[in-house]
Amino acid sequence: MENRQEIEERDESTQGAESASGRPRRFGRGIYDKTDTPIRLLDGFIAGIIIIIVVMVAVFALFGGFTVSFETSGGTEIASQKLRYGNYVAEPEEPVRQGYTFAGWYYEGHEKETWDFSVGTVGGDLELIARWEPAQITVKFDTDGGQMPDGLESMQVTYQEAYGELPVPQKEGCQFAGWTYSGEEITAESVVTMPGEHVLTALWE
């Protein structure tokens, strides 16, 4: 009986000495239930991972790059740009669209403003949209032997709009019967569908 008591006292004394020695006690709790690692060490490791993730997200937002795309609305394709926060957008070559004149870039919600590449910087993904104006088209006249009034040789019309008032040529012994283009009669109300310079031919009776 005395021997058993001595052994128990000796074990308690030994455990107290280990605790007093400053060595970390290893035990499980929660997600560490089956580990043999100090809880403070694991807490620090997880906190470090979270900090790294937050820093990576912030760095990507600031320096990872944003996409600037160009919607040409029927014009030639323009390559997108990858830029960092605060950078200027590089002004691309002007797109081309038949029948229209390029009039600058704008972005959604600012249709009446034109993007200024000298001052506009990137703060996120951006889509610039091309602004187009109907082109001025030169129309020439083939009088088939007739004479144009006042020596008129050509006139300007607007693409996708009506031709407007057309000149009336004169030809001795003939009566003017109108203008044609590609087999179709062209009048003042006809809409300009040719995106480039073209020639109207006189009809005579």
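These figures come from a predicted structure and were not determined experimentally. Every heavy atom of this structure was used, including side-chain atoms; hydrogens, water molecules and symmetry mates were not.
- With sequence neighbours excluded, no residue forms a ring pair (Phe, Tyr, Trp, His ring centres under 6.0 Å) with Tyr88.
- Taking CG of Leu166 as the reference point, atom CD1 of Ile186 lies at 8.5 Å (rounded to 0.5 Å).
- Remark: the backbone N or O of Leu152 is not paired with any side-chain donor or acceptor of Asp150 at under 3.5 angstrom.
- The line from OG1 of Thr193 to CD of Gln160 is 7.5 Å long, rounded to the nearest 0.5 Å.
- Residues Trp115 and Tyr85 fall within the same hydrophobic cluster, defined by Ile, Leu, Val, Met, Phe, Trp and Tyr side chains chained together at heavy-atom separations under 4.5 Å.
- For residues 162-182, every residue pair satisfying the side chain to side chain donor-acceptor pair (under 3.5 Å) rule, not counting sequence neighbours, is listed here: Tyr163-His198.
- Under the 4.5 Å side-chain heavy-atom criterion for Ile, Leu, Val, Met, Phe, Trp and Tyr, Val191 and Tyr159 are members of distinct hydrophobic clusters.
- Residues satisfying the side-chain contact (heavy atoms from CB on, under 4.5 Å) test with Gln136, not counting sequence neighbours, are Gln156, Thr158.
- Thr143 meets the side chain to side chain donor-acceptor pair (under 3.5 Å) test with no other residue; sequence neighbours excluded.
- The CG atom of Leu126 sits 11.0 Å away from atom CZ of Phe66, with the distance rounded to the nearest 0.5 Å.
- Residue pairs meeting the salt bridge (charged side-chain N to carboxylate O under 4.0 Å, His left out) criterion with at least one partner in residues 174-198, sequence neighbours excluded, are Lys140-Glu197.
- With values rounded to the nearest 0.5 angstrom, Ser80 atom OG is found 8.0 Å from Phe70 atom CZ.
- Atom CD in Glu161 sits 11.0 Å away from atom CD1 in Ile137 (nearest 0.5 Å).
- Here OG1 of Thr67 is found 10.5 Å from CD of Gln81. Values are rounded to the nearest 0.5 Å.
- Hydrophobic cluster membership for Ile129: Tyr106 (Ile, Leu, Val, Met, Phe, Trp, Tyr linked by side-chain heavy atoms under 4.5 Å, directly or transitively).
- The shortest side-chain heavy-atom distance between Phe176 and Pro167 does not fall under the 4.5 Å cut-off.
- Legend: side chain to side chain donor-acceptor pair (under 3.5 Å) pairs involving residues 124-134, not counting sequence neighbours, sorted by first then second residue: Thr114-Arg131.
- Here the closest non-hydrogen pair linking Trp204 and Cys174 is CE3-CB, 3.8 Å.
- With sequence neighbours excluded, the residues forming a side-chain contact (heavy atoms from CB on, under 4.5 Å) with Ala177 are Leu203, Glu205, listed by chain and number.
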Can you give each donor-acceptor pair under 3.5 Å made by side-chain atoms of residues 91-104, sequence neighbours left out, with the distance rounded to 0.1 Å?
residue : atom : partner : partner atom : Å
Arg97   : NH1  : Ser73   : O            : 3.2

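- In terms of heavy-atom proximity, Pro149 sits nearest to Pro169 at CD-CA, 4.2 Å.
- Judged as a salt bridge (charged side-chain N to carboxylate O under 4.0 Å, His left out), not a single pair has a partner in residues 102-118 (not counting sequence neighbours).
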